[in-house]
Amino acid sequence: MTQKSVQTSCLTLLTLIAVFATMNFAEGLFAPMLAAIVLGIVCAPVTDRVERMGLPRVVAALMVLALFIVSFLALFFLVEPIISKAIRNAPLIWYELTEILEAVSGAASGMREIQETVSEALTPEVAEGEETVTEEPVAFPGIMDALAYAPSLAAGIMVFVGTLYFFLVARTDVYDRAHRANGRLTREVLCRAESRVSRYFVTITGINAAFGCLVGAVMTVIGMSNPMLWGLAAFLVNFVLYLGPAGFAASLLLAGIVQFDGAMSFVPAAVYVAMNMIEGQFVTPSLVGQHMRVNPLMVFISLIFWLWLWGPLGGVVAIPVLVWCLVVFEQLADPPPTGIELDDGEQARRQLAV
């Protein structure tokens, strides 16, 4: 490896570190922007279809944006009573959980006594005349703390909505600029990548929706409280591969211990794990297809990185971003095919170039 290539590699690495550090620092700005771009890529085929019906691109983008807002509000009003009921029952669940924790703590009383003895032995004695310093109680966040986040939340929503709308309106212009910056990064390559991401995301959403309905029905048969809420949670966490289902299974195990007695406490979590294994091993591969499968190691590393960077929102955008990058790199690595049908704009540009 030559000295110039080493310098280039080091400079690229430092640039990536600086970019991701900036994204982490300005999470409130970049996170909603990237989420909006991912959603715009997913909704791009719908916008193109509406535009082919003869409507202007601005109207098509407004229709897609309005459809997303209406769907989100409908989902919110649908699940709001379920979430409110779960919040009202939270004190009872916490009381039962506290009893379980106290029983576990009583079983480990010997270890606690040893810990207290060691703590007393290591605590320095307070000399006479010195005041004993008492720790202040931990302050729990209240409603004023929640209201303090309202402006930043409103700003994030505005950034998300604005980025989604303008991306849908001007994405072809952005693709043309990318083509002028890199000759191989054509509009066709980027449109093919967004088509693959859209097809992947729509398929996964349908699988997760059916899986969530099935989980809700099974929880109803088992006798779990709020089965619709469990079904909705199963639908949402399934977008975060590996880590989402693992956390959901742990939550079901905890809820089963609180609600049931004996071996029945482990039934909800065990049934969910079995259903998730069937879905992950047979249903998703058969519907998504072999050509859209991604290396599990790359999926896991991408999830860990984006979760570390932006939390739950990063876990949602991790897989679409990974699929988009892989498709683009795959298209750029392959030699340009011959006999491709070009759109009118590309044909006109090539004729002018000749």
Side-chain angles (χ1 to χ4, degrees), residues 32-78 157-182 184-210 212-213 235 239 287-289 291-292 316-317 319-321 323-328 330-331 336-353:
M33 287 179 60
L34 183 60
I37 292 174
V38 169
L39 182 62
I41 290 174
V42 173
C43 298
V46 179
T47 308
D48 293 339
R49 184 168 300 180
V50 174
E51 190 176 356
R52 284 196 294 268
M53 295 171 58
L55 296 176
R57 185 182 305 174
V58 175
V59 177
L62 283 175
M63 291 180 61
V64 172
L65 181 61
L67 178 62
F68 170 76
I69 294 176
V70 170
S71 302
F72 179 80
L73 292 178
L75 179 63
F76 174 78
F77 286 113
L78 178 64
I157 293 175
M158 292 179 61
V159 170
F160 176 85
V161 173
T163 304
L164 175 60
Y165 170 74
F166 288 110
F167 177 79
L168 292 175
V169 171
R171 80 180 204 284
T172 54
D173 298 332
V174 174
Y175 292 168
D176 290 337
R177 290 179 180 272
H179 175 56
R180 288 194 292 269
N182 186 341
R184 297 202 62 188
L185 201 61
T186 62
R187 183 197 294 188
E188 181 193 5
V189 171
L190 296 174
C191 289
R192 189 177 302 172
E194 74 178 14
S195 177
R196 292 276 294 272
V197 172
S198 177
R199 186 164 67 249
Y200 176 86
F201 195 82
V202 169
T203 304
I204 292 298
T205 301
I207 294 173
N208 292 347
C213 294
F235 163 72
F239 285 100
L287 294 180
V288 172
H291 63 285
M292 297 185 67
V316 174
V317 303
I319 305 305
V321 170
V323 172
W324 187 89
C325 293
L326 290 178
V327 173
V328 170
E330 177 186 350
Q331 297 295 323
T338 58
I340 300 177
E341 296 183 359
L342 304 176
D343 57 7
D344 297 337
E346 187 68 21
Q347 290 179 356
R349 281 193 295 273
R350 294 200 174 188
Q351 290 176 0
L352 290 176

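This one's a predicted model, so the numbers in the text were calculated from it and none came from an experiment.
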>> Quick test of your reading: applying salt bridge (charged side-chain N to carboxylate O under 4.0 Å, His left out), list the pairs with at least one residue in residues 159-174, sequence neighbours left out, ordered by first then second residue.
In response: D48-R171, R171-E194
> Do F167 and I41 come within less than 4.5 Å of each other through their side chains, counting heavy atoms only?
Replying inline: yes
> How far does CZ of F201 sit from CG of L39, to the nearest 0.5 angstrom?
Replying inline: 7.5 Å
>> Any non-hydrogen side-chain atom of R57 less than 4.5 Å from a side-chain atom of E51?
In response: yes
> For P32 and V159, which heavy atoms make the closest approach, and how far apart are they?
Replying inline: CG-CG1, 4.0 Å
> Which pairs with one or both residues in residues 41-72 pass ring-ring contact (aromatic ring centres under 6.0 Å, His included), sequence neighbours excluded?
Replying inline: F68-F160
>> If I take atom CG from residue L185 and atom OH from residue Y175, how far apart are they, to the nearest 0.5 angstrom?
In response: 10.0 Å
> With respect to V197, which candidate in V327, L326, V323, V202 satisfies the side chain to side chain contact (heavy atoms under 4.5 Å, CB included) definition?
Replying inline: V323
>> Is there a side chain to side chain contact (heavy atoms under 4.5 Å, CB included) between I207 and F235? Walk through the geometry before answering.
In response: CA-CA 9 Å; I207 294 173; F235 163 72; over 6 Å; no
>> Nearest 0.5 angstrom please: Y200 OH to I319 CD1, how far?
In response: 5.5 Å
> Considering all heavy atoms of both residues, which atom of G40 and which atom of L168 are nearest to each other, and what is their separation?
Replying inline: O-CD2, 3.6 Å
> Which residues pass the side-chain contact (heavy atoms from CB on, under 4.5 Å) test with C213, sequence neighbours left out?
Replying inline: none
> Is S198 reaching over with its side chain to a backbone N or O of V42, donor-acceptor style, under 3.5 angstrom?
Replying inline: yes
> In chain order, what residues pass the side-chain contact (heavy atoms from CB on, under 4.5 Å) check against S195, with sequence neighbours excluded?
Replying inline: R199
> Mind checking what makes side-chain contact (heavy atoms from CB on, under 4.5 Å) contact with L65, not counting sequence neighbours?
Replying inline: I69, V161, L164, Y165
> Rounded to the nearest 0.5 Å, how far apart are CE of M63 and OG1 of T47?
Replying inline: 10.0 Å
> Can you list every pair that meets ring-ring contact (aromatic ring centres under 6.0 Å, His included) and has a residue in residues 35-61, with sequence neighbours left out?
Replying inline: none
>> Please report the interatomic distance CE(M33) to OG1(T163), rounded to the nearest 0.5 Å.
In response: 5.0 Å
